[in-house]
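Encoded as C-alpha cells, the structure appears first; notes follow it.
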Amino acid sequence: MELKKFMTGFCLVVIVMSAISWFAFNQADSLTFRPEINVFLWAAPAFLVWFAEGKGLNKLCGEYLSLKNINWKQSVVILATTAVWFMLIPVLTIYIAGNILGCDSFGHLNIGILDIFGFSGFDASSLSGYIAAVAVDILLSLVVGSVAGLFSVFSEIAWRGFLPKHIRCSRYVLPVVVGVIWALWDIPTMVFSEFHLAFFSMLLKNVTLSYFLIEVVRKCGSIWVSSAAFGIIVTGMFVPVYTVASTYALTAITAFTALSLWGITLLFCRTDRVEKP
C-alpha cells in the first residue's frame, strides 16, 4: 500500500514537473526556472515518503535518519575507499585510453598548472607533482564531498531507504529497479539536453551507483553514509586532474568504477544488520 501511494505521487510529480520544464525550456530564457526545478526534485522524494508512509515526522526521522545503527569504523573505511577509488580508476582509465591510446572521446589527464578547489597555481607538470595533485584531490573530495553529500539525504530517504524496504526482490535485482525509478525521477531535468543521450547516461549511472549505494547502507546501517558517499562521487567528477571528453566516456567510467567498488564492498566489508528474507 505504501509503495503504491509513493509511486502514484512519484508519477504525478514527474508528469507535472516535466510539463513545467518543457514550458520553461521553450521560453526565451530557458534556464530561468532550472535551479528551482532541481531544488524541488532534490527535496521532494522525502516528502513523498512522508506522504506514502503516513507517519509523523518524528517517527519518519527516527526510522530513516537515526544514527544509532551506524557502523562508524566501517563507514570511515568505505568513504575513504570511495574517495580513492573514484579518483584512481578514472585517472588510470583516461591515461590509458586517452593519453596512451589516443582515444579522444575519453579525454586526457591535465598536466601543468592546475586550480584545485580554488587553490590556484598547483604545479602538476611532473610525475611527482601530478601524484601530489591527485592526493590533494582525493583528500578534498573526501572532506568536501562527505559534507556536501549529506544534503542529498532528502533524496536518499527514498532511493536507499524507502524503496529497498518496500520493493520485494533479490538483492541483485533490487538496484536495477531502484536505479530505473531514480532515473525516471530525473526526466524533468532532461528537457534541457538531448533527451535520449541524457536518459541512457542517467539510467546506466543510476543503476550501477544503486548497486554500490544500497550495499553501503546494508554494510553501514544508515542512509547518512550513502549520502556522504554520493557526495564524494559527485565531487570527484569535477576534479581538475583530468578532463572527460564525452558523456559516453563519463558514463562508462562511472559505471565501471561503481560496479567494481560494489564488488569490493560486497566481498571485504561485513554486514552487521540482519537481512530480512
Side-chain angles (χ1 to χ4, degrees), residues 2-3 6-7 9-10 13 41-53 55 59-72 74-79 81-83 85-86 145-186 202-235 254-255 257-259 261-266 269 271-276:
E2 289 88 352
L3 183 59
F6 178 88
M7 291 307 300
F10 174 95
V13 169
L41 293 174
W42 158 72
F47 291 97
L48 283 180
V49 172
W50 188 17
F51 160 75
E53 296 204 338
K55 297 178 179 179
K59 288 186 177 180
L60 188 74
C61 292
E63 178 174 356
Y64 291 108
L65 302 180
S66 173
L67 302 177
K68 293 180 180 179
N69 297 322
I70 296 181
N71 183 328
W72 292 101
Q74 191 151 263
S75 298
V76 171
V77 171
I78 287 179
L79 292 180
T81 304
T82 301
W85 201 252
F86 266 88
S146 294
V147 175
L150 297 180
F151 291 97
S152 68
V153 74
F154 290 97
S155 298
E156 288 295 293
I157 286 178
W159 314 140
R160 251 61 65 181
F162 177 86
L163 289 179
K165 172 185 172 184
H166 290 279
I167 294 175
R168 302 302 179 187
C169 58
S170 76
R171 66 186 297 176
Y172 300 107
V173 175
L174 176 62
V176 177
V177 178
V178 172
V180 170
I181 296 173
W182 188 14
L184 292 173
W185 180 257
D186 288 315
M202 188 69 70
L203 179 63
L204 184 57
K205 285 190 290 187
N206 285 7
V207 167
T208 53
L209 285 173
S210 290
Y211 272 96
F212 171 59
L213 295 173
I214 289 175
E215 194 64 32
V216 168
V217 176
R218 187 177 287 118
K219 301 295 186 181
C220 299
S222 175
I223 63 171
W224 287 109
V225 186
S226 66
S227 298
F230 181 69
I232 292 171
I233 293 168
V234 173
T235 303
T254 302
T257 308
L259 285 179
L261 189 54
W262 167 67
I264 292 173
T265 306
L266 192 66
C269 296
T271 303
D272 289 336
R273 301 172 66 190
V274 177
E275 300 283 344
K276 293 183 180 181

Q: On the 0 to 90° scale, with breaks at 30° and 60°, tag the Y172-W262 ring pair as parallel, tilted or perpendicular.
A: perpendicular
Q: Identify the two heavy atoms, one from F212 and one from T82, that lie closest to each other, and give their separation to 0.1 Å.
A: CZ-OG1, 3.3 Å
Q) So how far is it from C220 SG to N69 CG, rounded to the nearest 0.5 Å? A) 12.0 Å
Q | Rounded distance [0.5 Å steps], CG in L259 versus OG1 in T254 | A | 11.0 Å
Q) Which heavy-atom pair separates A43 from F154 by the least distance, and what is that distance? A) CA-CB, 4.0 Å
Q) Taking C-beta and beyond as the side chain, do L60 and I157 meet within less than 4.5 Å on heavy atoms? A) no
Q: Determine, step by step, whether L184 and F10 satisfy the side chain to side chain contact (heavy atoms under 4.5 Å, CB included) criterion, reporting the C-alpha distance in whole Å, the side-chain angles of both residues, the deciding distance to 0.1 Å, and the verdict.
A: CA-CA 9 Å; L184 292 173; F10 174 95; 3.9 Å; yes
Q: Specify the closest pair of heavy atoms between G179 and L203, including all atoms of both residues, with the distance to one decimal.
A: O-CD1, 4.4 Å
Q. Hey, does the side chain of W159 reach the backbone of S210 with a donor-acceptor pair shorter than 3.5 angstrom?
A. no
Q.
Restricting to non-hydrogen atoms, name the atom on A258 and the atom on L209 that form the minimum distance, rounded to 0.1 Å.
A. CB-CD2, 3.8 Å
**Q.** Any side-chain heavy-atom pair of P175 and V178 under 4.5 Å
**A.** no
Q: Show your reasoning for whether side chain to side chain contact (heavy atoms under 4.5 Å, CB included) applies to V49 and E63.
A: CA-CA 12 Å; V49 172; E63 178 174 356; over 6 Å; no
Q: With side chain to side chain contact (heavy atoms under 4.5 Å, CB included) as the test, would you mind laying out the steps for V225 and V217 before giving the verdict?
A: CA-CA 7 Å; V225 186; V217 176; over 6 Å; no
Q: Under the salt bridge (charged side-chain N to carboxylate O under 4.0 Å, His left out) rule, collect the residues that match up with K59, sequence neighbours excluded.
A: none
Q) Are the charged groups of E2 and K165 less than 4.0 angstrom apart, N to O? A) no
Q) Atom CD1 in I181, atom CD1 in I167: separation rounded to 0.5 Å? A) 4.0 Å
Q) For the residue pair S146 and I232, what are the closest heavy atoms and their distance? A) OG-CD1, 3.4 Å
(Q) So, taking the atom named CD1 in I264 and the one named SG in C269, what distance separates them when rounded to the nearest 0.5 Å? (A) 9.0 Å
Q.
Just verifying a value: how many Å separate S155 OG and R160 CZ, rounded to the nearest 0.5 Å?
A. 8.5 Å
Q: Please round to the nearest 0.5 Å and tell me the distance separating atom CD of E53 and atom CZ of F6.
A: 10.0 Å
Q: Only one of T257, I233, T265 passes side-chain contact (heavy atoms from CB on, under 4.5 Å) with W85; say which it is.
A: T257
Q: With side chain to side chain contact (heavy atoms under 4.5 Å, CB included) as the test, would you mind laying out the steps for L163 and L3 before giving the verdict?
A: CA-CA 8 Å; L163 289 179; L3 183 59; 3.9 Å; yes
Q: Might you point out which heavy atoms bring L41 and W185 nearest each other, and give the distance in Å?
A: O-NE1, 2.8 Å
Q) Sub-3.5 Å donor-acceptor pair from the side chain of Q74 to the main-chain atoms of K219, do we have one? A) yes
Q: Determine yes or no for a side-chain-to-main-chain donor-acceptor pair under 3.5 angstrom, with W224 supplying the side chain and L150 the backbone.
A: no
Q: Take S227 and E156 through the test side-chain hydrogen bond (donor to acceptor under 3.5 Å, both in side chains) and record every step on the way to the result.
A: CA-CA 6 Å; S227 298; E156 288 295 293; 4.7 Å; no
